Amino acid sequence: MTAVLIERVSKVFNAGRPDEVTALSDVDLTVGGGQFVSLIGPSGCGKSTLLRLIADLIEPTVGTVTVAGKPAAQARRDQEYGIAFQQAGLFEWRTVRRNVELPLELREVPKAERRARAEEMLALVGLADFAGHYPAQLSGGMQQRVAIARALAVHPPLLLMDEPFGALDEMTRERLQAELLHICAKTGTSTVFVTHSIAEAVFLSDKVVVMSARPGRITASIDIDLPARDEAARQSPEYFEFVTSVRKALRA
Ligand SMILES: Nc1ncnc2c1ncn2[C@@H]1O[C@H](COP(=O)(O)OP(=O)(O)OP(=O)(O)O)[C@@H](O)[C@H]1O
Ligand SMILES: [Mg+2]
């Protein structure tokens, strides 16, 4: 089953006004079931816009977005995906634990199970000791990890992640990359992941989609066929070859 199908999508903001911006132009993209796809490209090329279109937070000007075989709006109502965006987007008046529990509450998951799932996800992102804290008491990177825990808590069939590891130190980032791959493989989750890191995109992805500056277009789509994705893979010649291919595509 195809997780995401984007067909001939263009997005124009403020159409007909002096500040009109064509953020995306004629984009086609397919994310297969269980596939991990990264979007990479210069700042302002429309990566977040593309993710927001998939999440049905905005509508395309032209073209169609299909998620899990349904129109994007229906997929949103059916809660087909979890999102972790550039800004953590936590609720300041809720504790860390209750932020992670929120999507489970919306799905009417019973309290005990909710609590257990939140604890499990917080342990995964290394924040077990901070469940009772409020977001304002955490660093930026810790807040980002709460947002990741919240996105993962419902085990969504599709994960939409916008630079989720941007504010993390390199070691935490590598650990969470490995955990994310592990979770996705175990649960068959499909993922669309925005990053500015070529190394991160290559390590995580089945496919790296390279975008050009405004108006955002897809200029290359590179299949990353790595034999393994463990720590050794980060040192392998194949890995460096893919990193070089993506870098060349970005420069082109
Ligand atoms: N709500 C909006 N109203 C008007 N213009 C917008 C809006 N959202 C995005 N844009 C414009 O669309 C273009 C693409 O923005 P977008 O946020 O998708 O870029 P991005 O690739 O995610 O960049 P970055 O890597 O810096 O996060 C930019 O020119 C931006 O100004
Ligand atoms: Mg962005």
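Every number for a ligand or one of its atoms is a count from 1 in the order of the listing. Here the structure is a predicted model, which means the values were calculated and not measured.
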What atoms in ligand 1 come closer than 4.0 Å to a heavy atom of [X]?
X: A23; value: 12 (O), 13 (C)
X: C45; value: 19 (O), 21 (O)
X: E163; value: 25 (O), 27 (O)

From the options [options], select the one whose nearest heavy atom is closest to [atom].
atom: atom 21 (O) of ligand 1; options: E20, K11, R17, K47; answer: K47
atom: atom 16 (P) of ligand 1; options: V12, D19, T49; answer: T49
atom: atom 24 (P) of ligand 1; options: G46, S43, G216, P215; answer: S43

Would you say that [X] contacts [Y] through its side chain, given a criterion of any heavy-atom pair below 4.5 Å between the two side chains?
X: V208; Y: I40; answer: yes
X: E80; Y: P156; answer: no
X: L51; Y: T49; answer: no

Classify the contact between M211 and ligand 1 as side chain, backbone, both or neither, using a heavy-atom distance cut-off of under 4.0 Å.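 No part of M211 is near ligand 1 at this cut-off.
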How does V21 reach ligand 1, by side chain, by backbone, by both or by neither, if only non-hydrogen atoms under 4.0 Å count?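 The answer is the side chain of V21.
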Please report the C-alpha distance between R145 and L168 in whole Å, then the side-chain angles of each, then the deciding distance to 0.1 Å, and finally whether the side-chain contact (heavy atoms from CB on, under 4.5 Å) criterion is met. CA-CA 9 Å; R145 282 187 276 155; L168 303 181; 4.0 Å; yes
Protein heavy atom under 4.0 angstrom of atom 30 (C) of ligand 1, is there one? no
Please tell me if atom 5 (N) of ligand 1 is touched by the protein, where touching means a protein heavy-atom distance below 4.0 Å.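 When distances to the protein are checked, atom 5 (N) of ligand 1 has a heavy atom within 4.0 Å.
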side-chain contact (heavy atoms from CB on, under 4.5 Å) partner of E163, chosen from E200, Q144, H196: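 Of the listed residues E200, Q144, H196, the side-chain contact (heavy atoms from CB on, under 4.5 Å) partner of E163 is H196.
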Among all protein heavy atoms in this structure, tell me which lies nearest to [atom], with the distance rounded to 0.1 Å.
atom: atom 27 (O) of ligand 1; value: Q86 NE2, 3.0 Å
atom: atom 17 (O) of ligand 1; value: S48 CB, 3.7 Å
atom: atom 23 (O) of ligand 1; value: G44 N, 2.8 Å
atom: atom 3 (N) of ligand 1; value: F13 CD2, 3.5 Å

Step by step, work out the side-chain hydrogen bond (donor to acceptor under 3.5 Å, both in side chains) result for S197 and T195. CA-CA 5 Å; S197 162; T195 179; 4.6 Å; no
Working for side-chain hydrogen bond (donor to acceptor under 3.5 Å, both in side chains), residues S10 and D26: CA-CA 5 Å; S10 296; D26 205 21; 5.3 Å; no
Cluster link V210 to L24, ILVMFWY, side chain under 4.5 Å: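 Shared cluster, no.
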Is it true that a side-chain atom of Q137 and a backbone atom of Y134 form a donor plus acceptor pair closer than 3.5 Å? yes
Is S48 close enough to the Mg ion (ligand 2) to have an N, O or S atom under 2.8 Å? yes
Could you tell me if the ring centre of F36 sits under 6.0 Å from that of F203? no
